[in-house]
Amino acid sequence: MGDNSEEFLDQLAESDPGMIERVIGRQIENVRESGLDPRTHALVRIGALVALGAPSASFGWHVSLAREAGASDDEIAGVLVAVAPVTGTPRVVAAAPMVAEALQG
């Protein structure tokens, strides 16, 4: 994002169609736009899936992306520990078997 972070956030908050497209666009563009390295990006997304109570298929795809980006199985499992105080134990308990299945797949 660089020096344009305030403008970026303003446009996002205003639901600017062009900005929304940039954020939810193709994976590569989203990683680049975030300013995060691919590994961190993938781990953050797994945390968001836990918070949202996402379905199993979502975890499978994002765990694959995280592994491809160099995240270890321990780091992926560590995301559940990291988000538990914020999302609550029920969300983490619900996500754990889906993450475990994705790690085995």
Side-chain angles (χ1 to χ4, degrees):
M1 285 188 308
D3 295 333
N4 299 322
S5 60
E6 187 174 337
E7 179 182 342
F8 169 81
L9 294 172
D10 286 344
Q11 290 175 347
L12 193 58
E14 293 171 8
S15 297
D16 177 89
M19 187 56 63
I20 298 297
E21 176 60 29
R22 284 176 58 194
V23 172
I24 62 172
R26 294 180 18 229
Q27 174 72 11
I28 297 291
E29 292 171 4
N30 187 265
V31 172
R32 185 178 29 239
E33 194 66 36
S34 75
L36 300 171
D37 65 87
R39 184 183 138 282
T40 301
H41 188 272
L43 293 172
V44 168
R45 284 185 162 206
I46 292 170
L49 294 176
V50 173
L52 293 171
S56 181
S58 296
F59 284 100
W61 186 60
H62 285 285
V63 164
S64 281
L65 289 175
R67 281 177 157 168
E68 288 174 22
S72 70
D73 290 356
D74 287 343
E75 289 172 318
I76 294 167
V79 168
L80 299 180
V81 175
V83 301
V86 176
T87 64
T89 304
R91 290 274 186 188
V92 172
V93 169
M98 294 183 281
V99 172
E101 182 180 332
L103 289 173
Q104 293 173 355

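The model shown is predicted, which means the values in this text are computed figures rather than measured ones.
With hydrogens and angles disregarded, no donor-acceptor distance shorter than 3.5 Å links the side chain of Thr40 to the backbone of Leu36.
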For residues 88-105, which side-chain donor-acceptor pairs fall under 3.5 Å, sequence neighbours excluded?
| unit_1 | atom_1 | unit_2 | atom_2 | d |
| --- | --- | --- | --- | --- |
| Arg91 | NH1 | Leu52 | O | 3.2 |

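Pairing each heavy atom of Ile76 with each of Ala71, the nearest pair is CG1-CB, 4.2 Å. Taking both residues in full, the closest heavy atoms of Ala66 and Ala42 are given as CA-CB, 3.4 Å, listed atom of the first, atom of the second, then distance.
Here the straight-line distance linking atom OG of Ser72 with atom CZ of Arg39 works out to 7.5 Å at 0.5 Å rounding. The distance from the CG atom of Leu49 to the OG atom of Ser56 is 11.0 Å, given to the nearest 0.5 Å. Rounded to the nearest 0.5 Å, atoms CG (Asp37) and CG (Leu43) are 8.5 Å apart.
Residues meeting the salt bridge (charged side-chain N to carboxylate O under 4.0 Å, His left out) test with Asp73, sequence neighbours left out: Arg67.
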Apply side-chain contact (heavy atoms from CB on, under 4.5 Å) to the pair His41 and Leu65, showing each step before the final yes or no.
-> CA-CA 9 Å; His41 188 272; Leu65 289 175; over 6 Å; no
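Put simply, the side chain of His62 does not reach to within 4.5 Å of the side chain of Val79, judged on heavy atoms.
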